[in-house]
Structures are given as C-alpha cells and as structure tokens.
Amino acid sequence: MAMRQTPLTCSGHTRPVVDLAFSGITPFGYFLISACKDGKPMLRQGDTGDWIGTFLGHKGAVWGATLNTDATKAATAAADFTAKVWDAVSGAEVLTLAHKHIVKSVHFTKDSNCLLTGGNDKVLRIYDLNQPDEAPQEIPGHTASIKRALWCHDDQHILSASEDRTVRLWDRNTSEAVKTLSFDTSVSSMEYLADGDVVLITYGKTIAFYNAHSLELIKTIDTPANIHSASLHPEKDFIVAGGDDFKLYKYDYGTSEELESYKGHFGPVHCVRFSPDGELYASGSEDGTLRLWQTAVGKTYGLWKCVLPEDLVCENPEPLYPVPAEIKA
Amino acid sequence: MKTPVSVLRLPRGPDPNSRGFDPNSPRFVALCATSISASSKPGADPASLQTEQRARSMMRERFLRCLISMANKKIQFHMYEKVKVDATFGASDIDVLNFQVSDLQTPIGVQTEALIRCQDVISYSFDM
C-alpha cells in the first residue's frame, strides 16, 4: 500500500533559510547546519531534525554554512563581511575572518585544515586555519559576486559559480582557471559529488550534470519551475530539487523521469540536500522552516515509523501519533 | 486516499533560554577539550591543574559579583567607533552576549530601554 510522505518541519528560524549542509557520518550520527537571514545559524541532529544549538555572533544575515566531515567544526559566511569558524561541539566561535564585502560561501578541505571562502568581492580565498593570522591565498578572476565555491579532486581543484554567469574550475596551486563554463543566465546552485566526479548545476528551470574534470555536459533535466537548488542521491538513484513554486521534485537520475512532487513549504525553496546516507533530504525555504523528507516513503527511519496495515486494524486501534494534515514543530 | 506515514514525535525545537550545545550530551563529553590550558599540556601535574582551576573559579566569581554590583548603577560604556555612552545597568544574559540597560544616553536622544551588544563594548566603568 503506497503511503503519503509526512515531512518533518523544523522551526526555530525567524527568517528565510538560505543554505544548509550535512556533515559526514560520525560515531554520533550525522548533523545538519542551516544558514538563515536572521543571522543565527543552527546545528541539528541530521536524522531527527532535533535542535542541538545555535551559533551566536554574526551581526548580519548568514548566507552560507558548512560542517567538516566529522562535524567538529562549522563555518559560516555572512552579510557582516566576515566568515566565522566555530567549534561545532561547544558552539564557541573559534575564528573570525574579515572580508571586504558580503561573504556567500564557505567550504572546508577534507582534512579541515583550510577554508575556502567566496563572496561579493569576487575573489576566492583560501585560509590556513592553523595559521589564521597569515594572509589567505587569493584567486581573483570572476567579474561578479561568487555564489558558491567548493573544493574538489582531493582538494587540488576549486569549483566556483558566480553571478558573472560562469562556473570555473581552478587549480589551487597555480591559482589559474583550468576550465570555464558559460551560461546565458545566472547559475542558481552547484553541487559536487566526488563519487562519479559529477558537478550538478541548476539554472532557470534546468538541472544539469557535468563531468567535473572536463566540464563536459552529461545530461540535463527540465523542470516545471525555476529551480533554486538540487541534490543528487549519494548512490545516484535520485535527484531532488526545489524552487520558486514551493514544491519539492524528485527525479530518477537514470531515466530523468519525474517521480514525485511534494507540497509543504509556504515559500520558495532555497536549498535542498540529501543526507550522507541518502535516507532523507532536507529543504530550507523562504518560509523560515527546514523540512526533512523521506527518500523511501514509509520506511522506519529517524522519527518516521513504518506501521503495517495489519497493525492498523486491531482491537484497540490507536495510531502511534495522531497525524494531522499539516504538522508543524 | 493514501495513509500518511506515522511519526514518533516532532523534531525538538530550540530552547528559548539557551544557545544549546548541551555539555552533558555524550558527544560533548567525548569530544570537548577541557578549557583548562594546564591540563592540555603533556605531563600536567595535578597541582598546577588545581592552581589554574582555583584561579579561574576566583576570576569567574569576581566577574559575576561585579555584574551583581552593577545593577541599577550608572555605567559608562566605551565602544568601537569612539562611542561613549552612559546607561543604567539592568542585567546580562547568560552567555554575556547582551546587556539590558535603561536610559541609554545617545547623541540622538535618550533610549528608555535598550540592549547593548557585548561584543561591541571595549570597556565599561562605574562608581561602586
């Protein structure tokens, strides 16, 4: 019997949620960080959405947030012209990195020793977190604000997406652009999957996949709405995407077929990410909430409980939790 | 009509009174380095640990007593951008991120109630 998806709503933010990131899988589970225009990024337990803590210190909207693989460090990028590094266990602020303009994107290398930042001053910066007083390595080149900057190819290359309508692949050692992709319109999001060496780029109503070394197009998927963010399942079975029409879309990666669409958010969806184990995906919206969605609807996982039809029909029928049409935390 | 998936409970929301990061959680206990610098040095002897902890407790207590004695007194705050303002101290929040003050004297008028962001304050002084 097919079941209807019950998204779990995580409230707490008071303004639009513009970015989110999962950590890797740690001995304590995996974690989720959300960037919000209220300036207070939050850390949550990844599989339940339970709030763990709020990173307090930024004086402006937080545009980007990330966690290192073992969720011991967090980094945030904000409109107060700083990027901050945090201890993700105690919530303490560890480092403030001053920039000359709004910072939009932050990303740790795999060993957590370096932080890549990018923002409205159009320059990519690499900070050595063990020598915070040293000037960062700067990589200029983009001619408009940088929206997203990611490490790839074992942290030897950098992928950056900018309002100048290009996505560029840089060699970190030579600071040179190795490859450039040009678009007719702004790129809304970019994701990198090391396994398979794929870059996912969204623009307009298109989700596109490229080889991360050659930047050659693999395939594109057309959607019904302007997409703000998309994520590819770790096993490359599915893509989830969200955008202007408030819905979440799920596509089969192999066939490009639209499998499902889910209503739930009350505003445009700004970011969507699969969890590291692929069992759920999280979406952040203009409505100020995060929602967790099951990949396999009906499976017992996290807070979702599979109730078999036989269990529903018994002498004392009592659902495990009375489920109203719309659930809000 | 499809049956909606059942849920054990809703995700827990933020605690309005604190910024979280529960020090009693298993992850915190396992991963958080102690903030006593003496204990993170190799070969730390218990005596120096004790001295350092005693000094820290004494300083913390002094700071808290200072906050108590400031209540309802007129304080002069020296802040960034050469800002010097007077106000009557009300209270501090638990993480010392904000000070609640009354009658904040600003160049553009008196603010009856205000919150001063502690990270903007360089120093403050008052008569005991």
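A quick note: this is a predicted structure, and the numbers were derived from the prediction, not measured. Just so it is clear: chains get the letters A, B, ... in the order the sequence lines come, proteins before strands, and each one is counted from 1.
- Without hydrogens or angle criteria, A:Ser285 side chain to A:Gly288 main chain gives no donor-acceptor distance under 3.5 Å.
- A cation-pi geometry, defined here as NZ or CZ lying under 6.0 Å from the six-membered ring centre and within 45° of its normal, does not hold between A:Arg44 and A:Phe22.
- Within the 3.5 Å criterion, the main-chain N or O of A:Leu56 finds no donor-acceptor partner in the side chain of A:Thr54.
- Listed by sequence position, B:Arg117, B:Gln119, B:Asp120 are the residues of residues 99-128 of chain B in contact with chain A, using a 4.5 angstrom heavy-atom cutoff.
- Proximity of the aromatic rings of A:His233 and A:Phe274 is defined here by a centroid distance below 6.0 angstrom, and this criterion is met.
- Put simply, the side chain of B:Leu31 reaches to within 4.5 Å of the side chain of A:Thr72, judged on heavy atoms.
- Contact of A:Gln45 with chain B is not made at all, since no heavy-atom distance falls under 4.5 Å.
- In this structure, the side chain of A:Asp19 does not engage the main chain of A:Gly64 through any donor-acceptor pair within 3.5 Å.
- For A:Lys59, the parts lying under 4.5 angstrom from a heavy atom of chain B are both the backbone and the side chain.
- Side chains of A:Tyr30 and A:Ser275 form a contact here, defined as non-hydrogen atoms less than 4.5 Å apart.
- A donor-acceptor contact shorter than 3.5 Å links the side chain of A:Lys250 to the backbone of A:Thr295.
- By a heavy-atom distance cut of under 4.5 Å, not one residue of residues 62-83 of chain B is near chain A.
- Of the atoms belonging to A:Leu292, not a single heavy atom falls under 4.5 Å from chain B.
- For chain B, the nearby part of A:Phe31 is the side chain; its heavy atoms alone come within less than 4.5 Å.
- Side-chain contact check for A:Met42 versus A:Ser34: some heavy-atom pair is nearer than 4.5 Å.
- Side-chain contact, A:Trp304 with B:Ser6: no donor N or O sits under 3.5 Å from an acceptor N or O.
- The closest side-chain heavy-atom distance from B:Ile94 to B:Asn17 is not below 4.5 Å.
- For a residue to count as touching a neighbouring chain, one of its non-hydrogen atoms must lie under 4.5 Å from one of that chain's; by this rule A:Ala92 touches chain B with the backbone only.
- The pair A:Asp50-B:Arg12 counts as a salt bridge, with a side-chain nitrogen and a carboxylate oxygen less than 4.0 angstrom apart.
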